[in-house]
Amino acid sequence: MKVVSKQNNSHMCLICGMDNSAGVRGQFYNMEDGSVGGLFTFREEHQSYPGRVHGGMLATMIDELAGRVLWVDCPDKIAVTMDINVKYRKPVPYNTPLKGRGMYTERLSRAYSAKCYIMDMDNNILAEGVAKYIILPVEKVCDASLDEELDIYVKDDVTEIDFGENR
């Protein structure tokens, strides 16, 4: 699927923060169908049992994908998680390139739901989840503006992400 544009990264977010030494430093893209795509690699620091990514990190990535769905069409708004449900399908190895996808399942004026997937590069679903969000004014969520926190643009050559046919 074609990438339309790339979303910015933050400084300290655990998933997208470029200044967070323990972070994943995931990259996120606005896709041609209105979904969000992500490319990322968990590292050994993100493990639970040796060789496996901690389930909490997978839930956090699902949460990030679902949150970034809003930024595909409303990059100046912010939302916070009200509910998240994650289903773990297969063990996820660290130091392996992965991809994610999130899309709206319901959209209201002040809330939305999103379905998200974490996949390996062969499009096997490793984890999936549904999250519900409430859209709030930025000042009720944090003391910095989105422009100040999400101001890192990491240039790359990604123009397509293959999500397979069943998502």
Side-chain angles (χ1 to χ4, degrees), residues 1-20 23-43 46 57-82 84 96-142 144-167:
M1 181 178 303
K2 184 179 173 187
V3 170
V4 175
S5 59
K6 187 164 187 202
Q7 295 186 358
N8 282 357
N9 287 62
S10 77
H11 291 270
M12 291 304 294
C13 172
L14 182 61
I15 295 297
C16 77
M18 299 307 292
D19 299 334
N20 188 334
V24 178
R25 297 184 178 132
Q27 302 299 305
F28 298 91
Y29 306 86
N30 299 325
M31 306 306 295
E32 67 182 332
D33 69 346
S35 66
V36 66
L39 298 173
F40 48 91
T41 301
F42 291 106
R43 299 187 319 272
H46 306 129
M57 290 299 295
L58 300 173
T60 304
M61 181 59 75
I62 296 282
D63 191 29
E64 183 80 8
L65 286 161
R68 283 178 173 269
V69 168
L70 180 66
W71 291 339
V72 172
D73 59 350
C74 297
D76 60 333
K77 296 196 183 255
I78 196 166
V80 295
T81 315
M82 293 190 303
I84 189 166
T96 301
L98 301 169
K99 56 189 164 183
R101 185 169 182 214
M103 71 270 323
Y104 288 117
T105 57
E106 181 179 26
R107 180 80 190 269
L108 305 170
S109 63
R110 292 196 45 209
Y112 69 94
S113 296
K115 174 83 174 178
C116 302
Y117 301 93
I118 295 174
M119 297 166 269
D120 63 20
M121 290 308 188
D122 293 325
N123 294 319
N124 296 303
I125 298 174
L126 307 175
E128 63 184 283
V130 176
K132 295 178 183 176
Y133 278 74
I134 185 166
I135 301 168
L136 295 172
V138 174
E139 61 274 6
K140 288 195 174 202
V141 179
C142 59
S145 75
L146 286 181
D147 292 336
E148 290 173 305
E149 180 55 24
L150 286 162
D151 65 347
I152 300 174
Y153 182 81
V154 180
K155 185 171 173 39
D156 62 33
D157 297 326
V158 176
T159 58
E160 282 192 40
I161 302 174
D162 174 17
F163 295 115
E165 297 180 20
N166 58 349
R167 284 161 286 295

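Positions are given from 1, in the same order as the sequence printed here. All heavy atoms count here, side chains included; hydrogens, waters and symmetry mates do not.
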Asks: For Asn20 and His11, run side-chain hydrogen bond (donor to acceptor under 3.5 Å, both in side chains): C-alpha distance rounded to whole Å, both residues' side-chain angles, the deciding distance at 0.1 Å, then the answer.
Replies: CA-CA 7 Å; Asn20 188 334; His11 291 270; over 6 Å; no
Asks: In Å and rounded to the nearest 0.5 Å, what is the CD1 to CD1 distance from Ile78 to Ile134?
Replies: 12.5 Å
Asks: Would Arg101 pass as a cation-pi partner of Tyr117, given that its NZ or CZ must be under 6.0 Å from the six-membered ring centre and within 45 degrees of the axis?
Replies: no
Asks: For the pair Val36 and Tyr29, evaluate side-chain contact (heavy atoms from CB on, under 4.5 Å) and give the outcome as yes or no after the intermediate values.
Replies: CA-CA 6 Å; Val36 66; Tyr29 306 86; 6.0 Å; no
Asks: Arg43 side chain to Gly23 main-chain N or O, any donor-acceptor pair under 3.5 Å?
Replies: yes
Asks: Taking Lys132 for the side chain and Ala111 for the main chain, is one N or O donor matched with an acceptor at less than 3.5 Å?
Replies: no
Asks: Can you check whether Asn30's main-chain N or O pairs, donor with acceptor, with Trp71's side chain at less than 3.5 Å?
Replies: no
Asks: For the side chain of Tyr112 and the backbone of Ile135, is there at least one donor-acceptor N/O pair under 3.5 Å apart?
Replies: no
Asks: If you measure from NZ on Lys77 to CG on Leu70, what distance do you get to the nearest 0.5 Å?
Replies: 8.0 Å
Asks: Kindly give the heavy-atom pair with the smallest separation between Phe40 and Gly26, and that separation in Å.
Replies: CB-CA, 4.0 Å
Asks: As an exercise, state the distance from NE2 of His46 to CG of Leu14, rounded to the nearest 0.5 Å.
Replies: 6.0 Å
Asks: For Glu32 and Lys2, indicate whether the former's side chain and the latter's backbone hold a donor-acceptor pair under 3.5 Å.
Replies: yes
Asks: Could you tell me whether Arg107 and Asp73 make a salt bridge, using a distance below 4.0 angstrom between a side-chain N and a carboxylate O?
Replies: yes
Asks: Are the side chain of Asn124 and the backbone of Met119 linked by a donor-acceptor contact shorter than 3.5 Å?
Replies: no
Asks: Between Gln27 (side chain only) and Arg25 (backbone N and O only), is there a donor and an acceptor less than 3.5 Å apart?
Replies: yes
Asks: Got a donor-acceptor contact below 3.5 angstrom from the Asp162 side chain to the Gly164 backbone?
Replies: yes
